[in-house]
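All remarks here apply to the structure that follows.
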There are 4 protein chains.
Amino acid sequence: MNFRSDNEVGAHPRILEAVTKAFSDGSTAPSYGADDWTHRVERRLRDIFEKPDLVAFPVATGTAANSLALSCCTPSWGSIYCHAEAHIVVDEANAPEFFTSGAKLSTIPGPAGKIDQKKLAEALAQPVYGVVHHPQPAAVSITQATECGTVYDPDEVASIATTAHRHGLKLHMDGARFANALAFVGCSAAELCWMAGVDVLSLGATKNGALAAEVVVFFDPDLAREFEFRRKRAGHLFSKMRFLSAQLEAYLTDGLWLANANHANAMARRLVAGLTTLKGTQLLYPVDANEIFVILPPRMHDTLQAAGAQYHPWPSDRPGERAYRLVTAFDTEQTTVDRFLSIAKKAA
Amino acid sequence: MNFRSDNEVGAHPRILEAVTKAFSDGSTAPSYGADDWTHRVERRLRDIFEKPDLVAFPVATGTAANSLALSCCTPSWGSIYCHAEAHIVVDEANAPEFFTSGAKLSTIPGPAGKIDQKKLAEALAQPVYGVVHHPQPAAVSITQATECGTVYDPDEVASIATTAHRHGLKLHMDGARFANALAFVGCSAAELCWMAGVDVLSLGATKNGALAAEVVVFFDPDLAREFEFRRKRAGHLFSKMRFLSAQLEAYLTDGLWLANANHANAMARRLVAGLTTLKGTQLLYPVDANEIFVILPPRMHDTLQAAGAQYHPWPSDRPGERAYRLVTAFDTEQTTVDRFLSIAKKAA
Amino acid sequence: MNFRSDNEVGAHPRILEAVTKAFSDGSTAPSYGADDWTHRVERRLRDIFEKPDLVAFPVATGTAANSLALSCCTPSWGSIYCHAEAHIVVDEANAPEFFTSGAKLSTIPGPAGKIDQKKLAEALAQPVYGVVHHPQPAAVSITQATECGTVYDPDEVASIATTAHRHGLKLHMDGARFANALAFVGCSAAELCWMAGVDVLSLGATKNGALAAEVVVFFDPDLAREFEFRRKRAGHLFSKMRFLSAQLEAYLTDGLWLANANHANAMARRLVAGLTTLKGTQLLYPVDANEIFVILPPRMHDTLQAAGAQYHPWPSDRPGERAYRLVTAFDTEQTTVDRFLSIAKKAA
Amino acid sequence: MNFRSDNEVGAHPRILEAVTKAFSDGSTAPSYGADDWTHRVERRLRDIFEKPDLVAFPVATGTAANSLALSCCTPSWGSIYCHAEAHIVVDEANAPEFFTSGAKLSTIPGPAGKIDQKKLAEALAQPVYGVVHHPQPAAVSITQATECGTVYDPDEVASIATTAHRHGLKLHMDGARFANALAFVGCSAAELCWMAGVDVLSLGATKNGALAAEVVVFFDPDLAREFEFRRKRAGHLFSKMRFLSAQLEAYLTDGLWLANANHANAMARRLVAGLTTLKGTQLLYPVDANEIFVILPPRMHDTLQAAGAQYHPWPSDRPGERAYRLVTAFDTEQTTVDRFLSIAKKAA
């Protein structure tokens, strides 16, 4: 009963198989991304996102994807506006600042992990543009699904994009769990991204069935001009690139990415449905994707722990109550969920 | 007949198998390196290098390994002394400068890819220490095997280390092909590293049978103090770290790394033995490891190309002659070598 | 009637005279700070701050002073806690991030330009220490006098220092207007600095009578270990250093710095005393030092402007009201203040 | 008899007077370069360099001027080609690397401080352009007068510029002693700069009569696009900018800069004329400007030292001989030179 994180689970068999196949039997391939796997990934993304001129670059970690993407959107004296609890702010050890050679993350509060759009608009309306003393607003970054497990709908994304673009800023989306968000919304990938105004997407696969693979997708190819130099300079260009691309190809083939996300989301919903009937539990945020933030009564928590359930404590503002985070994954089994719920029920 | 690079080949079956096993069957593992695979890799390295207090950190690319290692050895106002043709100088798009926030690579010439020790000693004897205007000598970096396919023997390493340490500099070894060097020298891993004075080693696996795995080995644990923050900040901390560690564990088990290197070296020697009997060929450098730099007569080159042989042209100082690089790998087949030689012979 | 800024005014005659004297009549002096002026400045600061082991380094701009000081207090993966409106956040074009190679400024709100101490304590109590994902809390920076013209008293400084030090953070004080703050509080320089826990002070002179001179004062000499390399590397080491030091020596001699600050503060108080008797005016913040933030009725503002008074509009939260900033300086004449007040009075 | 450096001398009276005037008598001026002095400096430079669209930015140190200028010419993954003994390589503590966020200085040897043009052409002919692994050639930087006291004539500059521009590189000139070089060549400022292909010039004043003032002159205004943000971000934007500009205005008025340089050069020639008649002395390089590198017999050196002459020892390749550097300045008195020579003569 490991609900600690979707980065603690294994990999999907089709992805493992694709990697094995790409590297077996004396196969050789051009290095550094000149291979067929990498080309096919880009073509597949163009189909899936209905954008024939997008450009895409595999990398191995989400921090690399975000930081490299953002470094294409801002000068060193620029500001990136993002939620106060964004992964790029609190969980990446200043990687965005490192990759941008010192750009600033300017945080905007907002409920349930979403940027307060009014506050964003106010921040961007400050008369700082072109004034040499002030950090120059350069980009907005939103997380989809958010750090609170909620999902921006296409209208919300579009509204943020409009605000950003009006002032000349780029819109980046940290899509470490983009598949989960897309599965929730049910629209097309295009509608949740570039049609809503996203300029560049960090599209995650690691948390959703890959070993280690993300891909930075530029809907605006001009923005990618420096990307390949930045990736190499940061040590993120893989010599045997097909290792990354074979994973991504399998991930994006026959809808595996969405099937995995749908499953993880369904398991989360099942958990929520069960938990919320129990006395003393309370959700901190709506559960749109595959993360559940929930208050559990002490006795229920103790009983679950004793039974071997694993999940992280989470900061909560509510005095006297203890919150926890549970994460489901592409391979979470229904029986595991049900066993968890059955134990919780007994302790309720 | 692909002799283009040892980064174009596949992966060793035992490494593929280890990865698959680590990620199959609903397995979960703590993320970010707290898993058992990662612990076992460090223990194995302590055994192999006979150094119970070494600390080791897996990363995915050689550029990351080198740059992160060097960033622990120098302040931003420091100098790293290295060969003028070192990979860190000419093939890493200023990654070392990026990771060190601007340290300088000071190049030292020398024949066959090896630093001229007299010139190094002269450079380090300059009266710049503590003088605020001058970049501060901080580290020496040598490549083992070198970019010219030659190998420093333990005495040569020790002599460089003595010079470096006398002035307070650290000694880094770029061991992208360390296994090939070690296989050539035939001493112990310890003797070629810390016993000879190496402070930190970038130990490569990718070119020698892995998918994407390197490991930074600090023989001086104090030097590693900041490593983990630096790795995370650069986006090189893998969430599913066992992906890297499973490769490295298989690589370091039952001597796979040396067996692979021995095979690659043997194939290189076989190629050399055959080629040097042919008229018009000439080696640029001794072939100690698995890289051959050789002048081929135009007709031989054309015939080989027509027959599908692949290898890179290489800059040569000799007017009117064309040089090429051929690289063998852990999976180069003897029949391929022999076929290559047979075609070359006919064109001689 | 220029109340736009204390950086638009001239220089004090004694400072001009000191500079002229230092550079006249074929005088020569060792360069780069090895001159007598620079030595004397450090000695004078040791006397004034009653700290015989402090070390002090002249620089030419406040941004350089702050950024260099902070870069000695944090690694690149560190966080500097400061007020949301701090000069280092909004007015230095990401210089602190540049000099620290990417440290983060984590902002804390608080009324009247002062950090909310409860919120600071909460922020520093987060369980992020040693956890590689999270920016590492490294320093607190406070501005004295604050950006709102208020002054922290020694107890407030000590309380912040205690919180910072408890968690291992350093305390930096941006003292661009430290003299004005000290003149207001009336304690000793030591009491407002290191006795209250300040580790490093950016002590300003430019706004208070110098041409261009600031000095970074380390009360903890260990913290200054890298300073001289950092200053040189940033192009802030002056060859004819006595230019900076001659200014600072005059500034710190015979109490000129405090006399200047006292005068500027007195002029501000006189302005405030006059303005607050007038209908429709309202102070945004207490006027502790030499900056006044005040709401003026439209007619009063128009009349003053028409009469040639100069001052900046200032953002105000109060709907329908217009706020302005007026700054007095070491050379603001009482007759100018009185003329301003007399015009304002007529328009009231 | 101080011949140690032209940065140890005082300032020219007209420059001191200009500074004093700019800051006296309750004068106020817009801050941060919006003042009249700064505007006039730019206009004067446009006249002097016969280039109505040049843009110019005062800074306070030569290291700042060079590093800021270069940071406008290269991405972080770029290479700057310069002489192996260039000031930016050996005397700026990695400031260029810092300001460019990690660009590489690629050194080219050459006699007497001048880049070997054949070697430069070879280096720039390497097939690295657009290849993501290799640092991208971005700029050439030459020093005028060179670190060996020699001067590039307009044809030499033009030849380097042609090579640089052919490959798309920018040409930067470190003109810390540009006035001395110009005085030597005797052509127009335009002919030695932009007409010969220089894109950006660091024009020094500090060593030639100013207190602390340099100005970065962009002959290509497009190249300056980011300059003002870079200057502010590095803490090099002065609030009381007229301090810098008043110096520069006086420096560039009525030919003061050239008069000062002519005098310094003449004093150097007088020294050389006297010294070279003495037995055992030998010049290391031609003395084009105001620096003399000369071998002195031990007895002569000892006698001079005993008489109070000051100058620096200098590295020399010639075994058994001791070389020294003597620098003359705008205010070196002929009687001092003659006294020096007379003492030397007695010891010859």
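Each chain gets a letter, A, B and so on, in the order the sequences are listed, and its residues count up from 1. Since this is a predicted model, take the numbers as computed values, not measurements. We use all heavy atoms of the structure for the numbers below, so side chains are in, but hydrogens, waters and symmetry mates are not.
Of the two parts of D:V132, only the backbone, made up of N, CA, C and O, holds a non-hydrogen atom closer than 4.5 Å to a non-hydrogen atom of chain B.
At least one side-chain heavy atom of B:L70 sits less than 4.5 Å from a side-chain heavy atom of B:S141. Contact of the D:E97 side chain with the B:S76 side chain is not registered, since no non-hydrogen atoms from C-beta on lie closer than 4.5 Å.
Ranked by heavy-atom pairs shorter than 4.5 Å toward chain B, the options D:T107, D:T100, D:V89 are led by D:V89. When D:D91, D:V128, D:V131, D:L105 are compared by the number of non-hydrogen pairs under 4.5 Å with chain B, D:D91 comes out ahead. For the set B:H134, B:Q126, B:K104, the count of heavy-atom pairs under 4.5 angstrom toward chain D peaks at B:K104.
Between D:F57 and D:F227, the ring-plane angle classifies as parallel under the 30° and 60° cut-offs. Between D:H301 and D:Y311, the ring planes lie perpendicular to each other; the angle is over 60°, past the 30° to 60° tilted range.
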